[in-house]
Amino acid sequence: LLSRFLNYALEGYTSGRLTREQVDDGLRELAKESIYAVVWKNILHFGWVHDRFLPFCVEFLKTPIILAAVETSVEAGNAIKKVFASDEYDSATRKAIEAAILEVPSSELSPIFKDANAARNRLLGCIPEEFLGPESLAIVEQARSAEGIPENRPRFLIGGIRQGSL
């Protein structure tokens, strides 16, 4: 159902049948009703895959809770990479995303992490260094010299199945 809604919104917006405001209104209604992180994960993934939908995801990338949540953080990182690789987004948008990333260690979800700074550092690693502000650049340089910047990938993965005789 969510996939169908997102495709409808994208096709409607791209064709001109729906305005930006109408798609934003639909996402706001979805936000009021949805309590499951998987919804936000799928929206972020859809924006990452579909460039024309990514602008609708930018507000999520300015929200520390969405950036910090285990379910959404990697998809947010992927979307952040795409925002910073595009000329469509201005410096104010980029700075707001960076500021939200810096707030991850003090967000209400920080207790779920052994070290919330690692989540922040992983997300900062999704931003090209030339776009980082002084505080973020110092954090990245310090992390790189200590333990390195974590890759933007899930905390755990389920691998393939092997079979053979024992």
Side-chain angles (χ1 to χ4, degrees), residues 3 6-7 9-11 13-14 18-21 23-24 26-28 30-31 37-157:
S3 177
L6 294 173
N7 280 298
L10 176 62
E11 290 169 18
Y13 179 69
T14 303
L18 296 174
T19 65
R20 166 78 194 232
E21 186 176 311
V23 175
D24 282 335
L27 288 171
R28 269 192 290 281
L30 183 62
V38 70
V39 171
W40 308 117
K41 175 184 178 178
N42 283 300
I43 291 171
L44 288 167
H45 180 78
F46 194 81
W48 172 55
V49 172
H50 301 281
D51 291 341
R52 298 276 301 174
F53 198 81
L54 187 58
F56 295 103
C57 298
V58 168
E59 288 306 312
F60 302 135
L61 302 177
K62 298 176 185 177
T63 309
I65 291 173
I66 289 178
L67 296 175
V70 174
E71 300 88 349
T72 56
S73 190
V74 172
E75 294 298 342
N78 291 336
I80 288 167
K81 286 180 185 180
K82 214 157 193 191
V83 165
F84 280 83
S86 172
D87 293 335
E88 281 189 47
Y89 303 94
D90 60 15
S91 65
T93 298
R94 291 177 173 159
K95 286 178 183 177
I97 292 169
E98 181 181 355
I101 293 170
L102 291 172
E103 290 179 34
V104 165
S106 60
S107 76
E108 62 192 73
L109 291 182
S110 65
I112 68 171
F113 293 100
K114 180 179 177 183
D115 179 12
N117 291 328
R120 175 204 58 207
N121 296 352
R122 180 180 48 74
L123 290 167
L124 286 174
C126 294
I127 300 174
E129 285 189 25
E130 63 265 20
F131 292 111
L132 292 174
E135 180 182 359
S136 298
L137 190 56
I139 290 168
V140 165
E141 288 172 352
Q142 180 183 9
R144 187 174 288 122
S145 66
E147 69 276 354
I149 302 293
E151 288 183 53
N152 187 47
R153 44 183 259 193
R155 290 171 51 177
F156 58 90
L157 295 170

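Here the closest non-hydrogen pair linking A76 and L67 is CB-CD2, 3.7 Å. When all heavy atoms are compared, the tightest approach of S73 to N152 is O-OD1, 4.2 Å. Residues A119 and V104 come closest through the heavy atom pair CB-CG1, 4.2 Å. When all heavy atoms of T72 and W40 are compared, the closest pair comes out as CG2-CB, 3.8 Å. Among all heavy-atom pairs drawn from S107 and P64, the shortest one is CB-CB, 4.2 Å.
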Could you pull out every donor-acceptor pair under 3.5 Å between side chains of residues 133-143 and any protein atom, sequence neighbours left out?
| residue | atom | partner | partner atom | Å |
| --- | --- | --- | --- | --- |
| S136 | OG | E98 | OE2 | 2.5 |

Show me the donor-acceptor pairs within less than 3.5 Å that the side chains of residues 42-61 make with the rest of the protein, sequence neighbours left out.
| residue | atom | partner | partner atom | Å |
| --- | --- | --- | --- | --- |
| N42 | ND2 | V38 | O | 2.8 |
| H45 | ND1 | E75 | OE1 | 3.1 |
| D51 | OD1 | K82 | NZ | 2.7 |
| E59 | OE2 | K62 | NZ | 3.2 |

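Here salt bridge (Lys or Arg N to Asp or Glu O under 4.0 Å) pairs that include residues 116-134, with residues two or more places apart or in two chains, are E129-R144. Here ring pair (Phe, Tyr, Trp, His ring centres under 6.0 Å) pairs that include residues 80-111, with residues two or more places apart or in two chains, are F84-F131.
Residues forming a side-chain contact (heavy atoms from CB on, under 4.5 Å) with D90 (at least two apart in sequence, or on another chain): A92, T93. Listed by chain and number, the residues in a side-chain hydrogen bond (donor to acceptor under 3.5 Å, both in side chains) with S3 are N7 (sequence neighbours excluded).
L123 contributes atom CG, which lies 10.5 Å from atom CG of L102 (distance to the nearest 0.5 angstrom).
Side chains of L124 and L132 form a contact here, defined as non-hydrogen atoms less than 4.5 Å apart.
With hydrogens and angles ignored, the 3.5 Å screen pairs a side-chain donor or acceptor of S106 with a backbone N or O of E103.
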